[in-house]
Amino acid sequence: MGTPYKDYYKILGVDQKATESEIKTAFRKAARKYHPDLHIKSEKAEAEEKFKEINEAYAVLGDPEKRSQYDLLGTNTQNGQQWQPSPDMGGYGSRSWSQTDTDGFSDFFESLFGRQMPGNNRGGPGKTRSVRGQDLDSELELTLEEACHGGKKSLQFSFRGLCPSCGGTGVSGQKTCLKCGGTGSRKVVRTLDVNIPAFIRGGSKIRLKGQGGEGPANGNSGDLLLTVKILPNSNFTLNGSDLETIIKIRPEQAVLGGQIPVPTMDGEVILTIPPMVHNGKKLRMRSKGWLEKEGNRGDEIVKIMIDIPRFVSPAEKEIYQRLADLEKEVHKL
Ligand SMILES: [Zn+2]
(Lines give C-alpha, C1' and ligand atoms only; values in the text may rest on other atoms or scores of the structure.)
Protein backbone atom coordinates (compact mmCIF):
# COMPACT_ATOMS: atom_id res chain seq x y z
CA MET A 1 0.00 0.00 0.00
CA GLY A 2 1.36 3.40 -0.94
CA THR A 3 0.61 6.97 0.01
CA PRO A 4 -0.06 9.92 -2.31
CA TYR A 5 3.22 11.50 -3.32
CA LYS A 6 3.60 15.16 -2.40
CA ASP A 7 5.39 17.51 -4.72
CA TYR A 8 6.57 19.98 -2.13
CA TYR A 9 8.14 22.25 -4.76
CA LYS A 10 4.83 22.52 -6.53
CA ILE A 11 2.98 23.16 -3.27
CA LEU A 12 5.23 26.11 -2.45
CA GLY A 13 5.30 27.20 -6.08
CA VAL A 14 9.10 27.17 -6.36
CA ASP A 15 11.61 25.70 -8.77
CA GLN A 16 13.60 22.61 -7.80
CA LYS A 17 16.74 24.73 -7.93
CA ALA A 18 15.24 27.40 -5.65
CA THR A 19 17.61 28.85 -3.05
CA GLU A 20 16.91 28.66 0.66
CA SER A 21 15.82 32.26 0.74
CA GLU A 22 13.51 31.84 -2.26
CA ILE A 23 11.87 28.92 -0.50
CA LYS A 24 11.53 30.91 2.66
CA THR A 25 9.94 33.84 0.83
CA ALA A 26 7.55 31.56 -1.04
CA PHE A 27 6.56 29.88 2.20
CA ARG A 28 5.92 33.15 4.02
CA LYS A 29 3.80 34.44 1.19
CA ALA A 30 1.78 31.24 0.98
CA ALA A 31 1.37 30.93 4.73
CA ARG A 32 -0.01 34.44 4.94
CA LYS A 33 -2.34 33.84 2.05
CA TYR A 34 -3.78 30.66 3.47
CA HIS A 35 -3.70 31.43 7.16
CA PRO A 36 -7.06 30.08 8.42
CA ASP A 37 -7.67 33.18 10.54
CA LEU A 38 -7.71 35.32 7.44
CA HIS A 39 -10.50 33.41 5.77
CA ILE A 40 -14.25 33.54 6.08
CA LYS A 41 -16.04 30.53 7.46
CA SER A 42 -16.93 28.90 4.14
CA GLU A 43 -13.31 29.07 2.98
CA LYS A 44 -11.75 28.14 6.30
CA ALA A 45 -11.62 24.38 5.83
CA GLU A 46 -9.97 24.69 2.45
CA ALA A 47 -7.52 27.31 3.71
CA GLU A 48 -6.65 25.12 6.67
CA GLU A 49 -5.92 22.16 4.44
CA LYS A 50 -3.73 24.32 2.24
CA PHE A 51 -2.06 25.90 5.27
CA LYS A 52 -1.17 22.47 6.63
CA GLU A 53 0.20 21.37 3.29
CA ILE A 54 2.35 24.50 3.00
CA ASN A 55 3.75 23.98 6.49
CA GLU A 56 4.55 20.40 5.66
CA ALA A 57 6.26 21.38 2.41
CA TYR A 58 8.34 23.96 4.22
CA ALA A 59 9.24 21.57 7.01
CA VAL A 60 10.94 19.54 4.30
CA LEU A 61 12.27 22.10 1.81
CA GLY A 62 13.22 24.60 4.50
CA ASP A 63 15.45 22.03 6.16
CA PRO A 64 18.56 21.31 4.04
CA GLU A 65 18.97 17.78 5.39
CA LYS A 66 15.34 16.82 4.79
CA ARG A 67 15.37 18.53 1.45
CA SER A 68 18.29 16.50 0.17
CA GLN A 69 16.61 13.28 1.34
CA TYR A 70 13.44 14.30 -0.41
CA ASP A 71 15.37 15.20 -3.57
CA LEU A 72 16.79 11.64 -3.61
CA LEU A 73 13.30 10.39 -4.41
CA GLY A 74 13.76 11.90 -7.84
CA THR A 75 11.32 13.81 -9.93
CA ASN A 76 9.51 11.03 -11.69
CA THR A 77 6.50 11.03 -9.44
CA GLN A 78 3.55 13.35 -9.86
CA ASN A 79 1.85 15.18 -7.01
CA GLY A 80 -0.89 12.92 -5.61
CA GLN A 81 0.40 9.77 -7.36
CA GLN A 82 0.66 6.63 -5.20
CA TRP A 83 4.14 6.28 -3.84
CA GLN A 84 5.88 3.66 -1.77
CA PRO A 85 9.18 3.96 0.03
CA SER A 86 11.76 1.61 -1.49
CA PRO A 87 13.22 -0.99 0.87
CA ASP A 88 16.65 0.68 0.85
CA MET A 89 15.14 3.79 2.42
CA GLY A 90 14.10 1.89 5.50
CA GLY A 91 16.28 3.88 7.85
CA TYR A 92 14.32 7.07 7.70
CA GLY A 93 11.24 5.74 9.37
CA SER A 94 12.92 5.45 12.70
CA ARG A 95 14.66 8.80 12.70
CA SER A 96 13.46 11.50 14.93
CA TRP A 97 13.50 15.21 14.19
CA SER A 98 13.00 16.97 17.42
CA GLN A 99 13.16 20.49 16.01
CA THR A 100 10.06 20.43 13.90
CA ASP A 101 6.47 20.13 14.96
CA THR A 102 5.10 17.71 12.45
CA ASP A 103 1.97 16.70 14.28
CA GLY A 104 -0.78 16.17 11.73
CA PHE A 105 1.45 15.93 8.65
CA SER A 106 0.63 13.59 5.81
CA ASP A 107 1.29 9.85 5.63
CA PHE A 108 3.71 10.61 2.84
CA PHE A 109 5.74 12.80 5.15
CA GLU A 110 5.64 10.16 7.86
CA SER A 111 6.74 7.37 5.55
CA LEU A 112 9.71 9.50 4.56
CA PHE A 113 10.78 10.98 7.85
CA GLY A 114 8.92 8.96 10.40
CA ARG A 115 6.40 9.94 12.98
CA GLN A 116 7.77 12.71 15.07
CA MET A 117 7.14 14.12 18.46
CA PRO A 118 5.18 17.33 18.39
CA GLY A 119 5.65 20.41 20.51
CA ASN A 120 9.42 20.45 20.72
CA ASN A 121 10.25 23.13 18.24
CA ARG A 122 11.15 26.14 20.35
CA GLY A 123 14.32 27.86 19.24
CA GLY A 124 17.33 26.11 17.79
CA PRO A 125 18.74 26.28 14.28
CA GLY A 126 16.17 23.86 12.96
CA LYS A 127 13.22 26.13 13.72
CA THR A 128 11.65 26.21 10.33
CA ARG A 129 7.94 26.79 10.50
CA SER A 130 7.62 30.07 12.35
CA VAL A 131 5.42 32.68 10.76
CA ARG A 132 4.79 36.01 12.38
CA GLY A 133 1.29 36.37 13.79
CA GLN A 134 -1.28 38.71 12.37
CA ASP A 135 -1.38 42.41 13.14
CA LEU A 136 -4.68 43.25 14.73
CA ASP A 137 -6.63 46.48 14.51
CA SER A 138 -8.79 47.83 17.25
CA GLU A 139 -10.30 51.10 18.35
CA LEU A 140 -9.38 52.96 21.51
CA GLU A 141 -12.23 55.17 22.69
CA LEU A 142 -11.17 58.08 24.84
CA THR A 143 -13.04 60.92 26.46
CA LEU A 144 -11.67 64.31 25.56
CA GLU A 145 -10.27 64.59 29.08
CA GLU A 146 -8.48 61.23 28.81
CA ALA A 147 -7.04 62.28 25.46
CA CYS A 148 -5.89 65.58 26.93
CA HIS A 149 -4.24 64.26 30.06
CA GLY A 150 -2.96 60.94 28.72
CA GLY A 151 -1.84 58.22 31.11
CA LYS A 152 -2.75 54.56 31.48
CA LYS A 153 -6.04 53.15 30.36
CA SER A 154 -7.21 49.61 30.64
CA LEU A 155 -8.49 48.20 27.37
CA GLN A 156 -10.26 44.93 26.79
CA PHE A 157 -10.44 43.47 23.32
CA SER A 158 -11.10 40.11 21.76
CA PHE A 159 -9.85 38.39 18.64
CA ARG A 160 -9.62 34.97 17.02
CA GLY A 161 -6.28 33.55 18.13
CA LEU A 162 -4.57 30.31 17.25
CA CYS A 163 -5.79 27.25 19.11
CA PRO A 164 -2.96 26.42 21.55
CA SER A 165 -3.86 22.75 21.39
CA CYS A 166 -3.25 22.23 17.69
CA GLY A 167 -1.21 25.34 16.87
CA GLY A 168 -3.78 26.49 14.34
CA THR A 169 -3.75 23.39 12.18
CA GLY A 170 -7.14 22.14 13.38
CA VAL A 171 -5.79 18.64 13.78
CA SER A 172 -4.26 16.86 16.70
CA GLY A 173 -2.58 13.56 15.98
CA GLN A 174 -4.50 12.47 12.90
CA LYS A 175 -7.83 13.59 14.33
CA THR A 176 -9.80 16.81 14.40
CA CYS A 177 -8.63 18.92 17.32
CA LEU A 178 -11.25 18.64 20.06
CA LYS A 179 -10.35 21.94 21.68
CA CYS A 180 -11.27 24.07 18.67
CA GLY A 181 -13.45 21.65 16.71
CA GLY A 182 -11.00 21.75 13.81
CA THR A 183 -11.23 25.49 13.20
CA GLY A 184 -7.67 26.04 14.44
CA SER A 185 -8.75 29.19 16.24
CA ARG A 186 -10.29 30.24 19.51
CA LYS A 187 -11.65 33.44 20.96
CA VAL A 188 -9.05 35.28 23.00
CA VAL A 189 -10.06 38.08 25.35
CA ARG A 190 -7.17 40.23 26.39
CA THR A 191 -6.94 43.10 28.84
CA LEU A 192 -4.15 45.57 28.33
CA ASP A 193 -2.92 48.71 30.01
CA VAL A 194 -2.35 51.21 27.25
CA ASN A 195 -0.06 54.19 27.75
CA ILE A 196 -1.71 57.20 26.20
CA PRO A 197 0.41 60.24 25.39
CA ALA A 198 -1.10 63.54 26.56
CA PHE A 199 -2.92 65.64 23.92
CA ILE A 200 -3.40 62.69 21.60
CA ARG A 201 -5.79 63.36 18.73
CA GLY A 202 -8.61 61.36 17.21
CA GLY A 203 -7.36 59.14 14.38
CA SER A 204 -3.90 58.76 15.93
CA LYS A 205 -2.46 55.24 15.96
CA ILE A 206 -0.89 53.49 18.91
CA ARG A 207 1.13 50.38 18.08
CA LEU A 208 1.50 47.76 20.78
CA LYS A 209 4.31 45.44 19.76
CA GLY A 210 3.66 41.75 20.17
CA GLN A 211 0.04 42.15 21.31
CA GLY A 212 -1.45 40.92 18.04
CA GLY A 213 -2.22 37.37 16.98
CA GLU A 214 0.18 34.63 18.00
CA GLY A 215 2.47 33.31 15.30
CA PRO A 216 1.82 29.69 14.35
CA ALA A 217 4.44 27.22 15.56
CA ASN A 218 5.97 29.66 18.05
CA GLY A 219 6.47 32.44 15.52
CA ASN A 220 6.55 35.98 16.85
CA SER A 221 3.23 37.56 17.66
CA GLY A 222 1.92 40.35 15.47
CA ASP A 223 1.23 43.85 16.73
CA LEU A 224 -1.94 45.48 17.93
CA LEU A 225 -2.68 48.72 16.14
CA LEU A 226 -5.09 50.97 18.00
CA THR A 227 -6.86 53.86 16.35
CA VAL A 228 -7.85 56.59 18.78
CA LYS A 229 -11.47 57.67 18.72
CA ILE A 230 -12.43 60.69 20.78
CA LEU A 231 -15.91 60.41 22.23
CA PRO A 232 -18.13 63.43 21.61
CA ASN A 233 -18.19 65.87 24.51
CA SER A 234 -21.20 68.10 25.15
CA ASN A 235 -19.07 70.84 26.70
CA PHE A 236 -16.15 71.11 24.32
CA THR A 237 -15.35 70.93 20.64
CA LEU A 238 -11.74 70.66 19.54
CA ASN A 239 -11.12 72.87 16.54
CA GLY A 240 -7.50 72.75 15.43
CA SER A 241 -5.66 73.48 18.67
CA ASP A 242 -8.49 75.49 20.16
CA LEU A 243 -11.12 74.10 22.46
CA GLU A 244 -14.48 75.73 21.99
CA THR A 245 -17.16 75.95 24.63
CA ILE A 246 -20.42 77.85 25.15
CA ILE A 247 -21.21 79.65 28.39
CA LYS A 248 -24.65 80.95 29.31
CA ILE A 249 -24.90 84.24 31.16
CA ARG A 250 -27.87 86.24 32.41
CA PRO A 251 -28.98 89.55 30.83
CA GLU A 252 -27.73 91.69 33.72
CA GLN A 253 -24.30 89.94 33.55
CA ALA A 254 -24.19 90.80 29.86
CA VAL A 255 -24.89 94.45 30.63
CA LEU A 256 -22.81 94.86 33.76
CA GLY A 257 -20.05 92.30 33.19
CA GLY A 258 -18.87 90.03 35.96
CA GLN A 259 -16.91 86.98 36.89
CA ILE A 260 -18.16 83.52 35.95
CA PRO A 261 -16.73 80.01 36.44
CA VAL A 262 -15.74 78.32 33.17
CA PRO A 263 -14.72 74.66 32.80
CA THR A 264 -11.35 74.00 31.20
CA MET A 265 -9.26 70.85 30.70
CA ASP A 266 -7.25 71.97 33.73
CA GLY A 267 -10.30 72.43 35.95
CA GLU A 268 -12.62 75.33 36.57
CA VAL A 269 -11.26 78.83 35.95
CA ILE A 270 -12.88 82.22 36.73
CA LEU A 271 -13.40 84.25 33.58
CA THR A 272 -13.96 87.99 33.70
CA ILE A 273 -16.80 89.11 31.40
CA PRO A 274 -16.52 92.70 30.25
CA PRO A 275 -19.63 94.93 30.50
CA MET A 276 -21.98 95.19 27.50
CA VAL A 277 -21.05 91.83 26.03
CA HIS A 278 -23.23 90.74 23.13
CA ASN A 279 -24.77 87.38 22.39
CA GLY A 280 -22.37 85.20 20.40
CA LYS A 281 -19.30 87.16 21.51
CA LYS A 282 -16.20 84.96 21.74
CA LEU A 283 -13.76 85.39 24.59
CA ARG A 284 -10.33 83.82 24.38
CA MET A 285 -8.61 82.10 27.29
CA ARG A 286 -4.95 81.80 26.40
CA SER A 287 -3.15 78.43 26.51
CA LYS A 288 -6.12 76.41 27.72
CA GLY A 289 -6.42 74.47 24.49
CA TRP A 290 -4.59 71.54 22.87
CA LEU A 291 -0.82 71.19 22.64
CA GLU A 292 0.52 72.04 19.19
CA LYS A 293 3.48 70.37 17.53
CA GLU A 294 5.56 73.47 18.16
CA GLY A 295 5.10 73.04 21.89
CA ASN A 296 2.59 75.85 22.40
CA ARG A 297 -0.90 75.29 23.62
CA GLY A 298 -3.92 76.52 21.75
CA ASP A 299 -6.62 78.58 23.45
CA GLU A 300 -10.02 77.95 24.86
CA ILE A 301 -12.66 79.97 23.05
CA VAL A 302 -15.66 80.81 25.22
CA LYS A 303 -18.75 81.72 23.24
CA ILE A 304 -21.20 83.83 25.22
CA MET A 305 -24.88 82.98 25.10
CA ILE A 306 -27.26 85.30 26.88
CA ASP A 307 -29.92 83.24 28.54
CA ILE A 308 -33.16 84.33 30.14
CA PRO A 309 -33.71 82.85 33.61
CA ARG A 310 -36.48 80.23 33.73
CA PHE A 311 -38.04 81.70 36.82
CA VAL A 312 -38.01 85.28 38.11
CA SER A 313 -39.16 86.34 41.53
CA PRO A 314 -41.86 89.06 41.83
CA ALA A 315 -39.16 91.51 42.95
CA GLU A 316 -37.04 90.72 39.88
CA LYS A 317 -40.09 91.01 37.64
CA GLU A 318 -40.76 94.43 39.14
CA ILE A 319 -37.25 95.52 38.25
CA TYR A 320 -37.69 94.25 34.67
CA GLN A 321 -40.97 96.23 34.50
CA ARG A 322 -39.19 99.36 35.70
CA LEU A 323 -36.51 98.76 33.11
CA ALA A 324 -39.15 98.45 30.37
CA ASP A 325 -40.87 101.68 31.52
CA LEU A 326 -37.53 103.45 31.57
CA GLU A 327 -36.79 102.27 28.01
CA LYS A 328 -40.14 103.76 26.85
CA GLU A 329 -39.27 107.09 28.47
CA VAL A 330 -35.83 107.12 26.90
CA HIS A 331 -37.25 106.48 23.41
CA LYS A 332 -39.89 109.23 23.82
CA LEU A 333 -37.22 111.83 24.21
ZN1 LIG B 1 -7.23 23.16 17.92
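Since we're looking at a predicted model, the values are computed, not measured. We count ligands from 1, going down the list as the structure has it; atoms in each ligand are counted the same way.
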- [ ] On the 0 to 90° scale, with breaks at 30° and 60°, tag the Tyr58-Phe27 ring pair as parallel, tilted or perpendicular.
- [x] parallel
Open item on the list: Is a donor from one side chain sitting under 3.5 angstrom from an acceptor on the other, for Gln259 and Thr272?
Closed with: yes
Task: Nearest heavy-atom neighbours spanning Met285 and Val302 - done: SD-CG2, 3.6 Å
Task: Of the protein N/O/S atoms, how many lie under 2.8 Å from the Zn ion (ligand 1) - done: 4
Task: Any donor-acceptor N or O pair under 3.5 Å, side chains Arg297, Ser287 - done: no
Open item on the list: Looking at every non-hydrogen atom in both residues, tell me the closest pair between Arg201 and Leu291 and how far apart they are.
Closed with: NH2-O, 4.4 Å
Open item on the list: Holding to side-chain hydrogen bond (donor to acceptor under 3.5 Å, both in side chains), I want the full list of residues that pass it with Lys229, two or more places apart in sequence or in another chain.
Closed with: none
